[in-house]
Amino acid sequence: MRKQLMDMLEARKDEIIQIRRYLHENPELSFKEEKTAQYIADFYNGKDVAIQTNVGNGYGIIVTIKGGKPGKTIGLRADFDALPIVEEADVPFKSKNEGVMHACGHDGHTAYLLVLADCLIQLKDSIPGTIKIIHQHAEEVPPGGAKSIVESGLIDDLDAVYGIHLLPMGPAGVVGYHAGFSFNGRAYFKLKVQGIGGHGSSPHLANDAIVAGSYFVTAVQTIISRRLNPFDVGVITIGSFDGKGTFNVIKDSVELEGDIRYMTVETKEKIEKEVRRLVKGLEEEFGVTCELTYESDYPPLYNNPELTEQVAASLRSMNEKEIKEVKEFPAMPPSEDFAYYAEKFPACFFYIACSPKGVEKPYFNHHPKFDIDEDALLVAAKAVGQVVCSYYEVD
């Protein structure tokens with residue numbers, strides 16, 4: 001089966017690329033991917049699978065491939081939403097939806113998985129178990145699609161779940177992995193500081209919310225520098241400070257918004273506790289009142305070490321010309337809602353290098369000029385196909 005699968009994928013490389021280009025030309029934002037979801041569902045029409053659409057809090061799709069023999073159940077996940085970015089990449093298949101772009105590689109994720117799934121459907125009699133293909137909506141915008149798909153109960157029977165991400169961290173042919181905590185978790189907060197407005201000439205008759213808010217901006221960084229263990233990872237960013245007013249008027253209120261990143265659940269809890277403590281102190285010290293909204297978005301992504309080592313060993317054993325190197329990658333500072341699958345099931349989320357040929361410093365994901373070497377799509381398909389075969393111990 002393994003050789004059959006690899007040969008089938010290789011023969012369909014051009015099809016994978018064409019699907020990716022179609023999706024790239026027709027991107028849709030998170031929770032608005034109606035046409036993309038229909039395109040995916042239509043791809044499976046007439047195939048010997050069960051299809052469930054509108055899964056979770058949006059357009060999620062689960063395709064169930066029943067193998068020829070009973071056995072374990074695994075999930076393969078790919079996301080399909082795009083970003084609110086005006087594309088600047090110089091490609092002939094640029095986005096036709098102005099202001100929306102597949103700048104993170106989700107078009108490639110979906111393209112490889114569609115063709116891999118179709119090949120697995122054709123070979124399903126040789127599979128001793130069940131494979132659930134998870135086409136996930138809304139990875140980019142909290143609360144995301146993954147959490148709701150997990151909560152749907154439709155994948156409760158998974159014994160393991162796998163996913164990949166295209167990253168321009170090397171040429172096509174390089175596959176990366178990282179065991180343990182691998183992507184940061186993320187939280188969002190909004191803080192409204194309410195003081196008393198007044199005239200710039202009489203600060204004693206007012207209570208300046210800008211001064212109190214500015215103190216918070218600097219003080220909150222001491223959580224990272226003075227409250228966390230130096231070996232822990234944490235980042236606090238104040239991305240918005242809305243205090244616009246008139247030059248000689250003391251502002252009565254300001255609103256701040258921030259982004260928090262962390263690599264472990266313990267760090268997450270520590271930072272939230274300290275932010276809340278600092279807000280209480282702000283009220284006491286400056287005599288203001290504060291309204292804090294604090295929302296945990298995505299948890300840290302934890303790759304099961306045993307499963308990840310199995311994936312790395314399996315990929316290293318491959319004898320496929322497309323896969324040239326398997327190497328350990330560092331932990332990643334962004335967040336990824338695949339973490340919700342990894343919270344519940346043994347999981348491995350690994351990386352497919354995709355730097356465009358001849359480009360020394362490629363644009364990273366989410367950049368308006370982001371592009372990939374499309375050879376990486378076949379690498380992704382073969383790598384995940386290899387993982388499936390190894391998991392079921394089929395040749």
Side-chain angles (χ1 to χ4, degrees), residues 15-45 51-63 76-118 133-152 154 163-168 186 297-298 334-338 340-341 352 354 363-372 374 376-377 380:
E15 181 185 352
I16 298 174
I17 291 172
Q18 289 308 311
I19 292 172
R20 182 254 168 170
R21 292 184 177 188
Y22 171 83
L23 294 171
H24 193 90
E25 284 185 315
N26 297 278
E28 293 179 295
L29 295 174
S30 304
F31 297 108
K32 299 179 180 178
E33 317 97 323
E34 182 178 4
K35 292 179 181 177
T36 305
Q38 188 62 57
Y39 176 88
I40 294 169
D42 288 346
F43 180 88
Y44 292 101
N45 280 346
I51 306 172
Q52 293 161 300
T53 58
N54 299 318
V55 177
N57 58 357
Y59 295 104
I61 298 171
I62 296 176
V63 177
L76 307 179
R77 175 269 205 173
D79 36 18
F80 58 81
D81 55 327
L83 288 156
I85 292 174
V86 177
E87 180 163 15
E88 296 177 12
D90 185 18
V91 294
F93 45 90
K94 287 180 74 166
S95 170
K96 296 176 180 177
N97 188 356
E98 183 66 23
V100 183
M101 177 189 175
H102 270 296
C104 199
H106 297 184
D107 49 348
H109 300 173
T110 299
Y112 101 81
L113 188 56
L114 284 171
V115 172
L116 173 61
D118 191 31
I133 306 297
I134 305 167
H135 290 289
Q136 186 209 302
H137 61 294
E139 188 278 327
E140 298 288 357
V141 176
K147 185 172 186 286
S148 68
I149 289 177
V150 170
E151 291 172 346
S152 73
L154 297 176
I164 62 97
H165 208 300
L166 292 163
L167 293 174
R186 182 178 73 193
D297 291 340
Y298 301 162
S335 301
E336 164 62 63
D337 81 344
F338 184 88
Y340 283 113
Y341 304 106
I352 307 297
C354 63
Y363 296 102
F364 204 70
N365 306 61
H366 289 219
H367 192 281
K369 292 184 179 179
F370 174 77
D371 193 17
I372 66 170
E374 291 178 318
L377 300 176

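Only this structure's heavy atoms are used, side chains among them; waters, hydrogens and symmetry mates stay out.
- Contact between Ser335 and Tyr298 at its shortest, heavy atoms only, is CB-CD1, 4.2 Å.
- Of all heavy-atom pairs spanning Leu377 and Tyr112, the tightest one is O-CB, 3.8 Å.
- Taking CG from Asp79 and CG from Asp337, the interatomic distance works out to 7.5 Å, rounded to the nearest 0.5 Å.
- Across Ser148 and Gly144, no two heavy atoms sit closer than the pair OG-O, 4.4 Å.
- With hydrogens and angles left out, the side-chain atoms of Glu28 and Tyr39 include no donor and acceptor closer than 3.5 Å.
- With rounding to the nearest 0.5 angstrom, the CG atom of Asp107 is 11.0 Å from the CG atom of Asn26.
- With values rounded to the nearest 0.5 angstrom, Gln38 atom CD is found 13.5 Å from Glu33 atom CD.
- Taking every heavy atom of both residues into account, Gly105 and Phe370 meet most closely at N-CE2, 3.6 Å.
- Taking the six-membered ring for Trp and thresholds of 30 and 60 degrees, His102 and His24 have ring planes inclined between 30 and 60 degrees apart.
- Atom CG of Asp371 is separated from atom SG of Cys354 by 8.5 Å, given to the nearest 0.5 angstrom.
- Residue pairs meeting the salt bridge (Lys or Arg N to Asp or Glu O under 4.0 Å) criterion with at least one partner in residues 137-151, sequence neighbours excluded, are Lys147-Glu151.
- Taking the side chain to side chain donor-acceptor pair (under 3.5 Å) definition, one finds that Tyr363 meets it with nothing, sequence neighbours left out.
- The CG atom of Leu154 sits 4.5 Å away from the CD1 atom of Ile62 when rounded to the nearest 0.5 Å.
- Counting non-hydrogen atoms of neighbouring residues, nucleotides and ligands closer than 6.0 angstrom, the CG atom of Asn45 exceeds 12 such neighbours.
- Ring pair His135/Tyr44: centre-to-centre distance below 6.0 Å.
- Counting heavy atoms from C-beta outward, Thr110 and Ile19 have side chains that stay 4.5 Å or more apart.
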Exercise for review: Apply the test side-chain contact (heavy atoms from CB on, under 4.5 Å) to residues Arg20 and Ile372: give CA-CA distance (whole Å), side-chain angles for both, the deciding distance (0.1 Å), then the verdict.
Suggested key: CA-CA 11 Å; Arg20 182 254 168 170; Ile372 66 170; 3.8 Å; yes

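- Scored by the side chain to side chain donor-acceptor pair (under 3.5 Å) test, His165 finds no partners at all (sequence neighbours excluded).
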Distance-only donor-acceptor hits, side chain of residues 92-101, under 3.5 Å, sequence neighbours excluded:
from	atom 1	to	atom 2	distance (Å)
Ser95	OG	Asn97	N	3.1
Ser95	OG	Asn97	O	3.0
Ser95	OG	Val100	O	2.6
Asn97	ND2	Pro27	O	3.1

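- When every heavy atom of Ala103 is checked against every heavy atom of Ile85, the shortest pair comes out as CB-CD1, 3.9 Å.
- In terms of heavy-atom proximity, Leu113 sits nearest to Leu76 at CD2-O, 3.7 Å.
- A 6.0 Å sphere centred on CD of Glu15 holds more than 12 heavy atoms belonging to other residues, nucleotides or ligands.
- Applying the side chain to side chain donor-acceptor pair (under 3.5 Å) criterion to His137, with sequence neighbours excluded, gives Asn57.
- In this structure Asn365 satisfies the side chain to side chain donor-acceptor pair (under 3.5 Å) test with no other residue, sequence neighbours excluded.
- Taken to the nearest 0.5 Å, the CG atom of Leu114 stands 7.5 Å off from the CG atom of Leu23.
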Exercise for review: Dump the intermediate steps for side-chain contact (heavy atoms from CB on, under 4.5 Å) on Asp81 and Tyr59, then the final yes or no.
Suggested key: CA-CA 10 Å; Asp81 55 327; Tyr59 295 104; over 6 Å; no

